[in-house]
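To keep things clear, I will list the structure first and then write my remarks on it.
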Amino acid sequence: MSMLTVAMPKGRIFDEAVGLLRKAGYNLPAEFEASRKLIVDVPEENMRFILAKPMDVPTYVEHGVADVGVAGKDVMLEEERDVYEVLDLKISECYLAVAGLPNYEKKHDLNPKVASKYPHLATRYFKEQGEQVEIIKLNGSIELAPLIGLADRIVDIVSTGRTLRENGLVELEKMMTITSRLIVNPVSYRMKDERIDEMVERLLQVVEGDGG
Ligand code: PRP
């Protein structure tokens, strides 16, 4: 049985992704979630997990240092990496939205600036909408931008809506629903097809069994 390296996103998605793998029958150690280790070997399953920043998961998989990975659709659309997206895991559901101050009016916006941690995705979106905007790339706390006048609007993930609410911002346009995906390196899919097919099959059963 060939060894499988799985790139996992640290942070919000991590617990749900681990829960899904456990439900699919993968025997992951109890201390997995609490550990600060970035590489966790699970010899019982002949698996190695690498714990990466969510935005970097497709990079590890594209370069083949991980065979498979879990990545949000938002990250996939931003990164456009050469990987296969094989399964919608239907976890960590949230959505992408354009948001701004409640009194924002597009028609009065002469020099539209949009802050986002998804510059490519945001650029494509506004191009499709036929609107010319300047995109300002930030790495987090995007909601700060309209509050201090760095940008008029933001493109960001909305999960509970709490961050927008507590900062007095409103949703202006809903862009798309986002869930996590299982992604695969194309060469690994050829070389380790049995292991990867088995993983997809087992995860698919859990995903469908959950009525998702
Ligand atoms: C994400 C996102 C929003 C927030 C949305 O940020 O960018 O800021 O969560 O969640 P909510 O609708 O439940 O409030 P994250 O906490 O990942 O950190 P970041 O701001 O550093 O990107």
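Ligands are counted one by one from 1 in listed order, and the atoms in each one are counted from 1 as well.
Partner Asp67 forms a salt bridge (charged side-chain N to carboxylate O under 4.0 Å, His left out) with one of Arg190, Arg48, Lys192, Arg195 and no other, that one being Lys192.
Counting only distance, with no hydrogens or angles, the side chain of Glu78 and the backbone of Leu121 share a donor-acceptor pair below 3.5 Å.
Remark: ligand 1 atoms within the under-4.0 Å shell around heavy atoms of Gly161 are 11 (P), 12 (O), 13 (O). Counting the atoms of ligand 1 from 1 in the order shown, those under 4.0 Å from a heavy atom of Glu143 are 3 (C), 8 (O). For ligand 1 and Val158, the ligand atoms under 4.0 Å from any heavy atom of the residue are 12 (O). With ligand atoms numbered from 1 in the order given, ligand 1 contributes 19 (P), 20 (O), 21 (O), 22 (O) to contacts under 4.0 Å with heavy atoms of Gly140.
A salt bridge links Glu198 with Arg202: the closest approach of a Lys/Arg side-chain nitrogen to an acidic carboxylate oxygen falls below 4.0 angstrom. Electrostatic pairing of Arg22 and Glu33 counts as a salt bridge here, judged by a charged N lying under 4.0 Å from a carboxylate O.
Regarding atom 20 (O) of ligand 1, its nearest protein heavy-atom neighbour is Ser141 N, 2.9 Å. Protein heavy atom nearest atom 9 (O) of ligand 1, with residue, atom name and distance: Arg12 NH2, 3.0 Å. Protein heavy atom at the shortest distance from atom 5 (C) of ligand 1 is Ile157 O, 3.4 Å. Closest protein heavy atom to atom 18 (O) of ligand 1: Lys117 NZ, 4.3 Å. Here the protein heavy atom with the shortest distance to atom 13 (O) of ligand 1 is Thr160 OG1, 2.5 Å.
Residues Ile142 and Lys117 share a closest heavy-atom pair of CD1-N, 3.8 Å.
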I'd like a table of donor-acceptor pairs (distance under 3.5 Å, sequence neighbours excluded) in which one partner is a side-chain atom from residues 57-66, with atom names and distances.
| residue | atom | partner | partner atom | Å |
| --- | --- | --- | --- | --- |
| Glu62 | OE1 | Arg81 | NH1 | 2.9 |
| Glu62 | OE2 | Asp82 | N | 2.9 |

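Sparse packing is recorded around NZ of Lys37, with 12 or fewer heavy atoms of other residues, nucleotides or ligands lying under 6.0 Å away.
Here atom 14 (O) of ligand 1 lies nearest to Thr163 when heavy atoms of Asp156, Leu144, Thr163 are compared.
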